[in-house]
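Worksheet: one structure, shown below.
Residue numbers start from 1 in every chain, and the chains themselves are labelled A, B, ... in the order their sequence lines are given, proteins ahead of strands. Computed over heavy atoms, backbone and side chain alike; hydrogens, waters and symmetry mates excluded. The structure presented is a predicted model; accordingly, all values stated were derived computationally and were not measured.
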2 protein chains.
Amino acid sequence: MSNDAPPSDRPARTLADLARLAGVSAGTVSRALTNSSLVNPETRQRIQALAAAHDFRVNQMARRLRTQKTGVIGVVVPLGHERRQHLSDPFFMTILGHLADALTENGYDVMLSRIIPDAEDWLERIVDSGMLDGVLLIGQSDQFEAIERVARRYRPLVAWGSCQPGQVHCTVGTENMTGGRLAAEHLIARGVRRIAFLGELRAPELRERFEGVRAATEAAGLPEPLQLDTHLASEMMEQEIAAHLVRHLARIDGIAAGSDMIAMTTLRVLADQGMTVPGDVPVVGYDDLPLGLQTVPRLTTVRQDIARGARAMVERLFARIAGQDAPSLVMPPELVVRDSA
Amino acid sequence: MSNDAPPSDRPARTLADLARLAGVSAGTVSRALTNSSLVNPETRQRIQALAAAHDFRVNQMARRLRTQKTGVIGVVVPLGHERRQHLSDPFFMTILGHLADALTENGYDVMLSRIIPDAEDWLERIVDSGMLDGVLLIGQSDQFEAIERVARRYRPLVAWGSCQPGQVHCTVGTENMTGGRLAAEHLIARGVRRIAFLGELRAPELRERFEGVRAATEAAGLPEPLQLDTHLASEMMEQEIAAHLVRHLARIDGIAAGSDMIAMTTLRVLADQGMTVPGDVPVVGYDDLPLGLQTVPRLTTVRQDIARGARAMVERLFARIAGQDAPSLVMPPELVVRDSA
DNA sequence: TCTCGCATTGCAATCGATTGCAACAAGCCT
DNA sequence: AGGCTTGTTGCAATCGATTGCAATGCGAGA
């Protein structure tokens, strides 16, 4: 329970050191430490004890060079259209948490990259670095083509995002258009006639959500929704939304936000402007982040099952690493009605 | 702008492949690709062009084995006393975002580990893996001893957390006791007489914050603050806090939360119970996470300058990697008065 | 007693890039 | 003309672990 290891005379940094100490060859030590059945059980015990006593740990660099497996998965956040967006964005962090959990449970390490794709070959550099057994992309940003190009030749790659017909790369995500429609239908059912959609349309996911909103208004014979750009960097979002609302609030009576973060900021701004939610303006979010439970009022939102999505991404990635094929997954979104609409 | 690379006849995966193609030796190719002045400029050009044409990228595993540098920093979240706490905890994610930004700007990759320290040598395994040039710990959890033990022999290690006198490992953090005192003094100045501190005391940081609160009440001649345990896993936090408040709300008139997450949940629970903040009960948080700006009412809190702290951690780590010594940094906390108290 | 098989172990090649040192050529000086 | 510097390049060792193959020793069966 307290200090136990006998003071190690010499550091014993390599297999060869340990082999000398044990009076055997390096090969035998290697086999002993991997519990190979090719070594005598007694020898194995002895070597393992010696290794423990000397705090020996194999050099992963060498092991990985030799075995051509790294045990590392890259988790990459491409910030193409929104350079100022921070890695600490709650959606990224939520899905990253789930991915990291799933990967570490399976014995993989996680290498995190926040990438601003200014070089054309940003993704090539990652997948060809020789450091990774596979790559998970959190979001497609505006890099659809780059992802397609790499996916054509690099199998162990799975992205969170939207799935276009005929697309090469494997994605996990929700039916964004359906989700947008659900949000809008809910607002319409509550009597909203003129919806504002907060969020810009460069990333495919948001574009589809907006299309869903539009489809719903069209089906209900209502006027076109008002689309308002919103940067994702939190520093600027609040002012931007405030400006939008000051200008347009008179002409709208309900808000569909492109994400929960946008919705939360909107709640905040509306409170500042003395508007009540949902009384004066109902607000619907998108994502169902845990944070939505903490807002006042609690956020009505379109749920993406992020935990399930993360598990699915990891499963598909492992299948692809194993050489099998894995299709994309499009999950149905689900409206979660709480207090904001 | 479109596809440019001439179709690569043979993959050219290794330096040797490329050397054969170029009619030179592997050593020359290596030097050419690292812009060494030891090769003829023309040769260098030629080889670099060839490398680009064949999409050649050096094998990082081999390079790192040979150079004994990995270019990877481990960012580790030890979850000792709170196994159910999720990696997506906003504090972790906020600081992780800043760390990742600072590290990638300096050309390092980030390896993320969420560790449940059930094995005694969890940290040894990480630092001795041969995969990392240095390690950053986000929080000390209840693993103070394990960290000290490793820090005695492993230099490039910096932790976020509290700094005890005489401690070996390098930390960056705030004066938690002062912070607790600031929060309590603010509450007292607003007329609060009986403070509840929400948060458990196993991690040194929270313990110090509580001590600060106690010092303030003592100095003001007020009764001892009421300390209430709160798990950090968000699934349970809300119910737990609700239960605490139902039982104790009659006996207290102000709340100092151990963290902003706890404070946010408390706001939520109080709203549910029909209490107004700060009218009925003022609430002070701790951390000053960006999220505190989004709550209703906006959170009054004790600010830790997380961005500065992250930069300081990275600076100190680099200094230690370079063999210099770097002292711990204890930053002064700052009360940020907004609307919740 | 001889041979064969089995259980262990050692040997040496291998993964792919880096780098100190030697080799070589061309040009310059005395 | 010989020696020397300067500029390039190749050679081969090295980083540390893994693994196919050969070698060893033992006991059992014929």
Residue of the set B:Leu96, B:Val76, B:Val172, B:Leu103 for which side chain to side chain contact (heavy atoms under 4.5 Å, CB included) holds with B:Leu136:
B:Leu103
Could you tell me how far apart A:Gln45 (CD) and C:dT8 (C1') are, to the nearest whole angstrom?
16 Å
Phosphate OP1/OP2 of D:dA17 contacted by A:Thr67 side-chain N/O (<4.0 Å):
no
For C:dT18, does either OP1 or OP2 sit under 4.0 Å from a side-chain N or O belonging to B:Ser30?
yes
Tell me the closest heavy-atom pair linking A:Ile138 and A:Pro78, and the distance in Å.
O-CD, 3.4 Å
Counting side-chain heavy atoms from C-beta on, which of D:dT9, C:dT9, C:dA17 comes nearest to A:Thr43?
C:dT9
Using whole Å, report how far NZ of A:Lys69 lies from C1' of C:dC15.
15 Å
Verify the neighbour count for atom CD of B:Gln45: are there more than 12 heavy atoms of other residues, nucleotides or ligands below 6.0 Å?
no
Heavy atoms, side chains only, cut-off 4.5 Å: are B:Leu33 and B:Leu15 in contact?
yes
Does A:Ser25 place a side-chain N or O at less than 4.0 Å from the phosphate oxygens OP1/OP2 of C:dG10?
yes
Measure the distance from CE on B:Met131 to C1' on D:dA17 and round it to the nearest whole Å.
15 Å
Result for 5'-nearest mapping on DNA chain C, choosing between A:Pro41 and B:Gln60, is A:Pro41
Could you tell me, to 10°, how much the axis swings from one end of the helix from C:dT1-D:dA30 to C:dT30-D:dA1 to the other, five pairs per end?
70°
Check the distance between D:dA22's P and A:Leu38's CG and give it to me in whole angstrom.
15 Å
Could you state the CE-P distance from B:Met61 to D:dG16, rounded to the nearest angstrom?
14 Å
Counting only side-chain N and O atoms of A:Thr28, is one of them less than 4.0 Å from OP1 or OP2 of C:dG10?
yes
Any A:Arg63 side-chain N or O less than 4.0 Å from OP1/OP2 of D:dT18
yes
Have B:Trp160 and B:Glu205 got a donor and an acceptor in their side chains that come within less than 3.5 Å?
yes
From the set C:dT9, C:dG10, D:dG16, return the single nucleotide nearest to any side-chain atom of A:Ala62.
D:dG16
Without decimals, in angstroms, what is the distance between B:Arg66 CZ and D:dA13 C1'?
8 Å
Taking CG from B:Leu15 and P from D:dC11, how many angstroms apart are they, rounded to a whole number?
15 Å
Could you tell me whether A:Arg153 and A:Asp128 make a salt bridge, using a distance below 4.0 angstrom between a side-chain N and a carboxylate O?
yes
Expressed in angstrom and rounded to an integer, what is the separation of B:Arg31 atom CZ from C:dT19 atom P?
9 Å
Can you tell me if the side-chain N/O atoms of B:Gln68 get under 4.0 Å from OP1 or OP2 in D:dG16?
yes
Heavy-atom side-chain contact between A:Val75 and A:Met111 under 4.5 Å:
no
